[in-house]
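Please read all numbers here as calculations on a predicted model, not as lab measurements.
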Amino acid sequence: MSKQTEFSDNTSLYTLQLPSRIDSITIVENFIDELSAKYGFSDELYANVLTCLSEAVINAIVHGNRESSEKKVYINLEVIEDKRLIFTISDEGDGFDFNNLPDPTAPENIENLTGRGVFIIKKLADQCIFNSKGNELELHFKI
């Protein structure tokens, strides 16, 4: 499922390559369960990581790769000294303008069924960084 590499400076790297199918989210959920068990996530951290990664991966599959069977979603995780998680989620899509998203809390958007993923991610992650193209997201969490 995931590939792990250990480094002598207390850094571990994990990589996942997912098909652009909604059911790939199960792989992400299992991966987070494994991480939580290994690193002793608090309930809050577990919920935040699960929510953010689920939102990011679904966005990558649906909006980035447009559920194309030829495209993949990539997740890389760097665990630094068992204290910090840095996830990078990327897709093979054209990206998007993350600076001009509608505010999901605005009265005209409040009843929309979609459009909250990036908003939620920014609230729950300790840090959220998009690449300039908008097809890669870096998420930071303190353990």
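Judged by distance alone, with hydrogens and angles left aside, the side-chain atoms of Asn131 form a donor-acceptor pair with the main-chain N or O of Asn135 at under 3.5 Å. The backbone N or O of Val73 sits nowhere less than 3.5 Å from a side-chain atom of Asp91 that would complete a donor-acceptor pair. Here the side chain of Ser36 pairs no donor or acceptor atom with the backbone of Ile32 at under 3.5 angstrom.
Closest heavy-atom contact between Asp126 and Lys142: OD2-N, 2.7 Å. Here the closest heavy-atom approach between residue Pro102 and residue Asn109 is recorded as CB-ND2, 3.6 Å. Taking every heavy atom of both residues into account, Ala125 and Cys52 meet most closely at N-SG, 3.9 Å. Contact record, Glu108 with Asn112: O-OD1, 4.2 Å, taken as the closest heavy-atom pair. Of all non-hydrogen atoms in Ser20 and Lys71, the two that sit nearest each other are OG-O, 2.9 Å. Listed here is the closest heavy atom pair of Asn65 and Gly93: OD1-N, 3.3 Å.
Sorted by first and then second residue, the ring-ring contact (aromatic ring centres under 6.0 Å, His included) pairs involving residues 54-83 (not counting sequence neighbours) form an empty list.
More than 12 heavy atoms of other shown residues, nucleotides or ligands fall within 6.0 angstrom of atom CG in Asp103. A 6.0 Å sphere centred on CG of Asn99 holds more than 12 heavy atoms belonging to other residues, nucleotides or ligands. With a 6.0 Å radius and a threshold of 12 heavy atoms from other residues, nucleotides or ligands, Lys123 has its NZ atom at or below the threshold. Annotation for Arg116: atom CZ counts as buried by contact number, over 12 foreign heavy atoms lying within 6.0 Å.
Inter-residue side-chain proximity for Glu67 and Arg21 is flagged as unmet; no heavy-atom pair is nearer than 4.5 Å. Looking at Leu139 and Leu85, their side chains never come closer than 4.5 Å, going by heavy atoms from C-beta outward. The closest side-chain heavy-atom distance from Ile143 to Val79 is below 4.5 Å. Residues Leu18 and Val28 meet the side-chain proximity criterion, which asks for heavy atoms closer than 4.5 Å.
One hydrophobic cluster, built from ILVMFWY side chains closer than 4.5 Å, cannot hold both Leu77 and Ile129; they sit in different ones. Residues Ile86 and Ile89 do not share a hydrophobic cluster, defined by chaining ILVMFWY side chains whose heavy atoms lie under 4.5 Å apart. In the hydrophobic clustering of this structure, Val57 groups with Ile22; members are Ile, Leu, Val, Met, Phe, Trp, Tyr whose side-chain heavy atoms approach within less than 4.5 Å, directly or through other members. Taken together through direct or relayed side-chain contacts under 4.5 Å among Ile, Leu, Val, Met, Phe, Trp and Tyr, Ile27 and Val62 form part of one hydrophobic cluster. When the side chains of ILVMFWY residues are joined at heavy-atom separations under 4.5 Å, either directly or via intervening members, Val49 and Leu124 end up in two distinct hydrophobic clusters.
Summarising the geometry, atom CG belonging to Leu53 is positioned 7.5 Å from atom CD1 belonging to Ile25; distances are rounded to the nearest 0.5 Å. Atoms CD and NE2, on Glu78 and His140 in that order, are 9.0 Å from each other to the nearest 0.5 Å. A distance of 13.0 Å separates NZ of Lys72 from OG of Ser90, quoted to the nearest 0.5 Å. Between the OG1 atom of Thr11 and the CG atom of Leu13 there is a distance of 7.0 Å, given to the nearest 0.5 Å.
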Would Leu50 and Glu29 count as a side chain to side chain contact (heavy atoms under 4.5 Å, CB included) here? Give the steps. CA-CA 7 Å; Leu50 180 63; Glu29 292 167 347; 3.8 Å; yes

Run Thr15 and Ile75 through side chain to side chain contact (heavy atoms under 4.5 Å, CB included) and show every step you take. CA-CA 6 Å; Thr15 58; Ile75 300 175; over 6 Å; no

Candidate pair Tyr46 and Leu35, rule side chain to side chain contact (heavy atoms under 4.5 Å, CB included), full reasoning: CA-CA 9 Å; Tyr46 176 82; Leu35 291 171; over 6 Å; no

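Residues that satisfy the salt bridge (Lys or Arg N to Asp or Glu O under 4.0 Å) test with Asp97, not counting sequence neighbours, are absent from this structure. Partners of Phe98 by side chain to side chain contact (heavy atoms under 4.5 Å, CB included), not counting sequence neighbours, listed by chain and number: Phe96, Phe130.
Between the side chains of Glu70 and Ser68, at least one donor N or O lies within less than 3.5 Å of an accepting N or O. Side chains of Thr88 and Asn76: a donor-acceptor N/O pair is absent below 3.5 angstrom, by distance only.
Taking the centre of each ring, Phe41 and Phe141 stay at or above the 6.0 Å mark.
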